[in-house]
Amino acid sequence: MASATILPLDSVAYGGDYNPEQWDAETFERDLELMRAAGVNLVSLGIFSWASLEPTEGTYDLDWLAAIIDRLHAAGISVDLATGTASPPVWMARRYPQSLPVTREGVRLEFGSRQQYSPSSSVYRRASAALAGVLAQRFGDHPGVVMWHVNNEYGCHVSECFGEESRAAFRSWLQDRYQTIEALNEAWGTAFWSQRYADFAEVEPPATMPTLHNPSQLLDWRRFNNHQLLGCLLGEIESIRAHSDRPITTNFMGAFPPLDYVQWAQHLDIVSDDHYPDPARPSGAWDVAWQSDLMRGLGDGRPFLLMEQTTDAVQWRTRNSPKRPGQYELWSLQRVAHGADGILQFQWRQSRRGAETFHGGMVPHAGRAGRTWPAVVGLGETLGRLGPVVGARTEAQVAVLVDWQSNWALQAAIGPATEETDFAGAKAWHRTWWELGYAVDVVGTAADLTGYRVVVVPQIFIEDAELARRLTEFVAQGGQVIVTARSFVVDPTMAAVLGGYLGSLRELLGVGVTDVVAATGTPANDGENVAGYVEEPLTPVHRISTAVRTPGGCDVTGVDVVDEDLARAVRDLTGAAEDGLPVAGGRWAEVLAPAGDPAYDYDSGAAARSRETGVDVLARFTAEGGGADLTGLPAITRASHGSGSAYYVATDLDPVGRAGLATLVAQRGAVAPVLADLPEGVEAQRRGEHLFVLNHGDEQVVVPGVTGLDLTTGEHLDGELTLPARTARVVEPTPASPTSEPASAPLTSALPSR
Ligand code: GLA
């Protein structure tokens, strides 16, 4: 067996899911050679191996796994050992059919695919925790096992179950939460539609209903499902911890809606992520940035691992575009730039059989022929040179807040507009800052705000008085806050905030929301011939309807920028002329009223229309579009508190408006982009002292102002960097500062050295 020839101790981890049990012994031998050639130093082993590890209930066969781990270790390849619990073997389904998940419609999901377990199944929970314990006992201090990979993508296919055991578990979770049935009745507002319960035994999950569900019940159901899956994770962690102190992860899936990853991340030693951005979309590079910034934020700024991506194409979209030449390495380095200490793929070897036969792999069906293998080897070489980057932090002065509970609540709310996409506000604002070249953190609402200069609060739907207090303190210390429409609308039980939305934020913002206008852009009643809505008026046949105007039928709300500085920012960005700035709102607009005005009457929307809000008005609604009935009312406001400011955006501002406002706020907050004057398509990020320059575009560019040692090529740059299409460089400033040290311990410090 070859001696250890893997990357050095502090190198970026590189490898992928490895499923040797799907192949023969000869292929395994070949894999070891190929892994060495590709610079692989870490593989995730055993993710779907439960049936081989416990072929019959309670009988474990770990010897085959031990042999593989030993051989990998001898070859210098470390193991991220999976607990294998994502897909229970058939014996569980047959002997314990109640372990199978049941859908909202009451359909029991069969064995034959994967993830066919109910998160509440006691059989599943017991067996998965037991398997994790057995594995940890055997391999917990094996020198080749450097970390644990619990389960796989919790909730990816099945995040809720309506089976008997789940329903009982829901009731007991509710009982713990509310203690008394009266408290539940109050929280769920069961006085509405005669939904009052006399006993917890009468309560059921929100399965298929005759019509609209109870939003509070649905929100609690989502909380419960998150809690149940988290319970599965914690059960396995406990079993592992009885035998092993190696770091533990479970792989996340970006801002996966069902699971509150802010909560989950607190239980993990390493945050890891699976990500398959669509190369067919121009926003793919933004997607990489967004998801990486989120993963870094979930780990409080610590480095994370990219646990899965594809080298080429996935197989589960209707059309599966391959990555463009160079994009595999480009997006991988982009993740390192944003804080990844490891780049792993699904999977090492492209499957020969099964549902994922046509999903990309590091070793494709064609083997070393074709374009994947050279790209895999190329990336291995590049990552092998990035040791100095490992462990360093990516610092940002702008934070965008995310809140899973608020996202659930916004989705559970019925109206005024029910076409919200998950985390839409956070994504939109993150994208704005990223496109403008700023470093951004995506963090939970309880994150420490110290060190940021700008905090964006996008659609944080649930009122959070503690967050309001911390934002107020942040602004008092000179911080800039942007709050957007649909924030602080309900309390944690889904009860509407009374006295004007924004509740406890009103004082900081100087405004409250009295009315909302949802412009739908599509007919409310399909097929109805509504004049002026989507169809041409039928004059004179529809004698009355012809005269009716319905601004609600528009996709946008007109917004007029009235603040000179904001107008200048928009003009500088777009080159637009003095008047007619290309700014618009979205399908949502709100009427603001001055906060704390004693004459302001919550019941009288009219009062708000006749008064200024008492804060600076930066933009107003115009007569155009869905906001027509709001003409002249404030669309963007600013309340100043010393050098700090609190902005409110009362519509879904379009990208131009967001970019203009972000630029203005950055100026006032003295925040600078990572590098000034970057050519189109080029992103720059700083990780510790290293500068990453990434050309996402199709043209070769020259980036000025870059000096230092290019780690990727070994070239010395003297004030200028030439970057071909879809390539990236990592530049170390020269002379290297002797005092610069990684801000945190490298994830890969556990890897054996060469
Ligand atoms: C997920 C899973 C993998 C694989 C990939 C395919 O990320 O974790 O097992 O199915 O999707 O894209």
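Remember, it's 1-based here, ligands and their atoms both numbered in the order they're listed. We use all heavy atoms of the structure for the numbers below, so side chains are in, but hydrogens, waters and symmetry mates are not.
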Fill in: Matching residue for Phe139 among Val79, Leu45, Leu81 - test: side chain to side chain contact (heavy atoms under 4.5 Å, CB included)
Leu81
Worksheet entry | Centroid separation Trp23 to Phe28 less than 6.0 Å | no
Worksheet item: Quick one: which ligand 1 atoms are inside 4.0 Å of a heavy atom on Asp274?
Response: 7 (O), 8 (O)
Discussion item. With side-chain hydrogen bond (donor to acceptor under 3.5 Å, both in side chains) as the criterion, how do Glu165 and Gln98 come out once you've worked through the C-alpha distance, each side chain's angles and the decisive distance to 0.1 Å?
Written reply: CA-CA 8 Å; Glu165 206 170 355; Gln98 73 275 21; 5.6 Å; no
Item to complete: Pull out every atom of ligand 1 sitting under 4.0 Å from any heavy atom of Trp316, numbered as shown with elements.
Response: 6 (C), 12 (O)
Practice prompt. Show which atoms of ligand 1 fall inside a sub-4.0 Å distance from at least one heavy-atom site of Asn152.
Written response: 2 (C), 8 (O), 9 (O)
Worksheet item: Does Arg222 pair with Glu160 as a salt bridge, N-O distance under 4.0 Å?
Response: no
Worksheet item: Within the distance-only criterion (no hydrogens, no angle test), does the side chain of Ser99 pair as donor or acceptor with the backbone N or O of Tyr124 below 3.5 angstrom?
Response: no
Worksheet, complete the sentence: Rounding to 0.5 Å, atoms NE2 (His359) and OG1 (Thr311) come to a distance of 8.5 Å
Worksheet item: With respect to Asp341, which candidate in Arg393, Arg687, Arg302 satisfies the salt bridge (Lys or Arg N to Asp or Glu O under 4.0 Å) definition?
Response: Arg687
Discussion item. Applying a heavy-atom cut-off of 4.0 Å, say which part of Met253 lies close to ligand 1: side chain, backbone, both or neither.
Written reply: neither
Item to complete: Please determine if Glu308 has a nitrogen or oxygen closer than 3.5 Å to a nitrogen or oxygen of ligand 1.
Response: yes
Worksheet, complete the sentence: At under 4.0 Å between heavy atoms, what of Thr310 touches ligand 1? The answer is neither
Worksheet, complete the sentence: For Phe48, the ligand 1 atoms with a heavy-atom partner under 4.0 Å come out as 9 (O)
Discussion item. Evaluate Asp17 for polar contact with ligand 1, using N/O atom pairs at a separation under 3.5 Å.
Written reply: no
Worksheet item: If you measure from the Lys or Arg side-chain nitrogens to the Asp or Glu carboxylate oxygens, is any gap between Arg30 and Glu33 under 4.0 Å?
Response: yes
Fill in: Any N or O of Gln315 closer than 3.5 Å to N or O of ligand 1
no
Item to complete: Would you tell me which option among Glu356, Arg114, Gln347, Glu153 has the nearest heavy-atom contact to atom 9 (O) of ligand 1?
Response: Arg114
Worksheet item: Can you tell me the protein heavy atom closest to atom 6 (C) of ligand 1 and the distance?
Response: His359 NE2, 3.1 Å
